[in-house]
Amino acid sequence: MRKLQYCLLKYPLFFSNLLFTVLGLVVLALGLWGLINKESFAQEKIGQISTDPMLVFVMLGLVLSTLCLSGCVGALRENCCLLQVFSATVLLLVAAQVLAAIVAYSLQGQIEGYLRSGMLAAMVRYQDDLDLRFITDEIQIGLQCCGADNYRDWEVNMYYNCSAPGVLSCGVPATCCVDPLENGTVWNSQCGVGSQQLDEFSAQSVIFLGGCLGGMSRWIEQHTGLIGAVGIVLLGVQIITLFITTRLMDNIQCSKATR
């Protein structure tokens with residue numbers, strides 16, 4: 001009976017950690033591919049690597065793969081030292097997530113302000129940062145919006161500002177356009193040129209007038225239940241993993257004591 005219980009603790013812990021180790025390595029490889037593909041390691045860009053969003057994937061993949069590998073090897077080799085490191089780290093992660101949830105709940109009234117600041121910062125660097133451009137474009141296409149509060153927010157960008165000398169002056173990105181495709185096939189990157197000079201009545205047939213903050217706030221409100229459920233499930237999985245690890249360590253120590 002004790003041997004069966006031992007196997008039911010050891011092998012599920014091993015295989016689950018093996019799965020998450022592979023997942024962590026995939027995330028790490030994705031992050032490294034993103035950095036290398038954009039030449040973030042080039043000498044002229046080495047100073048900007050700390051602000052590259054792909055670094056989040058690198059760090060997440062590194063932490064996840066290292067943590068789960070310690071749990072995987074610890075379970076397979078019955079190494080209490082590795083299992084203690086694994087369980088202590090998982091316990092810290094659980095505590096950090098609970099703390100983050102409490103902070104997020106207490107600051108929920110300020111979330112819109114943070115979203116606005118982040119959106120405007122992304123718009124300022126839109127032409128100079130490929131990651132921020134991609135994120136901004138996806139938000140504007142997905143929510144059918146333009147800017148943070150409205151389309152005139154693109155004044156904050158030095159290229160779309162009405163005082164700018166280039167062709168983009170007083171315009172908005174093509175992802176703000178109602179129909180950026182000409183004849184349904186060709187992407188017209190100039191469809192938003194001069195849109196800021198139009199009044200709202202004229203502009204509404206060319207671009208989306210509303211900002212993205214309203215859409216993002218509505219999306220968060222509509223998916224609050226799903227986000228909460230996913231968070232609870234993930235937290236539950238970590239607590240169960242912590243429980244299994246603790247029980248396995250007890251069994252290992254008992255087995256050593258009876259030898």
Side-chain angles (χ1 to χ4, degrees), residues 27 30-31 33-40 45 48 51-57 108 110-227 230:
V27 174
L30 177 65
W33 174 83
L35 290 175
I36 294 170
N37 190 54
K38 293 183 299 177
E39 300 179 345
S40 293
K45 295 185 179 180
Q48 300 176 8
T51 60
D52 196 312
M54 279 298 179
L55 198 61
V56 175
F57 287 94
Q108 59 181 333
Q110 302 175 41
I111 290 177
E112 187 172 336
Y114 293 132
L115 288 176
R116 179 179 286 104
S117 299
M119 186 79 183
L120 290 173
M123 290 164 64
V124 169
R125 299 175 57 193
Y126 179 80
Q127 296 288 356
D128 305 314
D129 192 307
L130 293 177
D131 294 300
L132 292 178
R133 182 191 300 184
F134 174 78
I135 294 169
T136 304
D137 285 342
E138 287 301 305
I139 290 173
Q140 293 191 149
I141 292 173
L143 298 178
Q144 295 187 337
C145 56
C146 187
D149 294 301
N150 57 64
Y151 67 105
R152 297 192 189 278
D153 288 336
W154 279 101
E155 271 278 329
V156 300
N157 184 280
M158 62 182 293
Y159 299 100
Y160 291 111
N161 190 285
C162 288
S163 61
V167 68
L168 298 178
S169 175
C170 247
V172 295
T175 51
C176 284
C177 295
V178 174
D179 184 17
L181 297 178
E182 289 184 347
N183 301 321
T185 55
V186 181
W187 182 266
N188 179 13
S189 60
Q190 304 296 317
C191 62
V193 170
S195 297
Q196 291 186 53
Q197 294 176 322
L198 302 175
D199 59 74
E200 292 190 2
F201 181 78
S202 303
Q204 66 182 346
S205 61
V206 181
I207 61 172
F208 298 112
L209 303 183
C212 299
L213 286 180
M216 286 191 285
S217 298
R218 285 191 296 273
W219 188 92
I220 292 172
E221 288 175 5
Q222 291 169 1
H223 296 83
T224 298
L226 178 61
I227 294 170
V230 170

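Quick note: residue numbers are just sequence positions, from 1. What's counted below: heavy atoms across the whole structure, side chains too, no hydrogens, waters or symmetry copies.
Residue pairs meeting the side-chain hydrogen bond (donor to acceptor under 3.5 Å, both in side chains) criterion with at least one member in residues 200-210, sequence neighbours excluded, are Asp199-Ser202.
Here the CH2 atom belonging to Trp187 is positioned 7.5 Å from the SG atom belonging to Cys177, to the nearest 0.5 angstrom. Taking CG of Asp128 as the start and OH of Tyr159 as the end, the distance is 4.5 Å to the nearest 0.5 Å. Atoms CD1 and OG1, from Ile207 and Thr175 in turn, are 10.5 Å apart once rounded to the nearest 0.5 Å. To the nearest 0.5 Å, atom CD1 of residue Ile141 and atom OG1 of residue Thr136 are 11.0 Å apart.
Contact between Val178 and Phe208 at its shortest, heavy atoms only, is CA-CZ, 3.9 Å. Minimum interatomic distance between Leu213 and Asp149 (heavy atoms only, all atoms of both residues): CD1-OD1, 3.5 Å. Taking every heavy atom of both residues into account, Asp129 and Asp131 meet most closely at OD1-N, 3.0 Å. The two residues Glu155 and Asn161 come nearest to each other via the heavy atoms O-ND2, 2.8 Å. Contact record, Met119 with Gly147: CE-O, 3.7 Å, taken as the closest heavy-atom pair. The minimum heavy-atom distance between Tyr151 and Leu198, with the atom names listed, is OH-O, 3.2 Å.
At least one donor-acceptor pair under 3.5 Å links the side chain of Asp153 to the backbone N or O of Ala148. The backbone N or O of Ala164 lies less than 3.5 Å from a partner atom in the side chain of Ser169, making a donor-acceptor pair. Side-chain atoms of Asn150 never come within 3.5 Å of backbone atoms of Gly210 as a donor-acceptor pair (strictly under, hydrogens ignored).
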Problem set entry | Criterion side-chain contact (heavy atoms from CB on, under 4.5 Å) on Leu115 and Ile220, from CA distance to verdict | CA-CA 11 Å; Leu115 288 176; Ile220 292 172; 4.1 Å; yes
Exercise. Does the side-chain contact (heavy atoms from CB on, under 4.5 Å) test come out yes or no for Val156 and Tyr126, once each step is laid out?
Worked result: CA-CA 10 Å; Val156 300; Tyr126 179 80; over 6 Å; no
What pairs of donor and acceptor atoms, side-chain ones from residues 190-197 against any protein atom, are under 3.5 angstrom apart with sequence neighbours left out?
unit_1: Ser195; atom_1: OG; unit_2: Gly192; atom_2: O; d: 2.8
unit_1: Gln196; atom_1: NE2; unit_2: Tyr160; atom_2: O; d: 3.1
unit_1: Gln196; atom_1: NE2; unit_2: Gly171; atom_2: O; d: 2.8

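By the neighbour-count criterion of 12 heavy atoms within 6.0 Å, atom CZ of Phe57 is sparsely surrounded, having that number or fewer from other residues, nucleotides or ligands.
For the pair Asn188 and Pro180, the minimum side-chain heavy-atom distance is 4.5 Å or more.
In this view, Glu112 and Arg116 satisfy the salt bridge (Lys or Arg N to Asp or Glu O under 4.0 Å) rule, not counting sequence neighbours.
As summarised for Cys162 and Cys170, their two SG atoms come within a distance smaller than 2.5 angstrom, satisfying the threshold.
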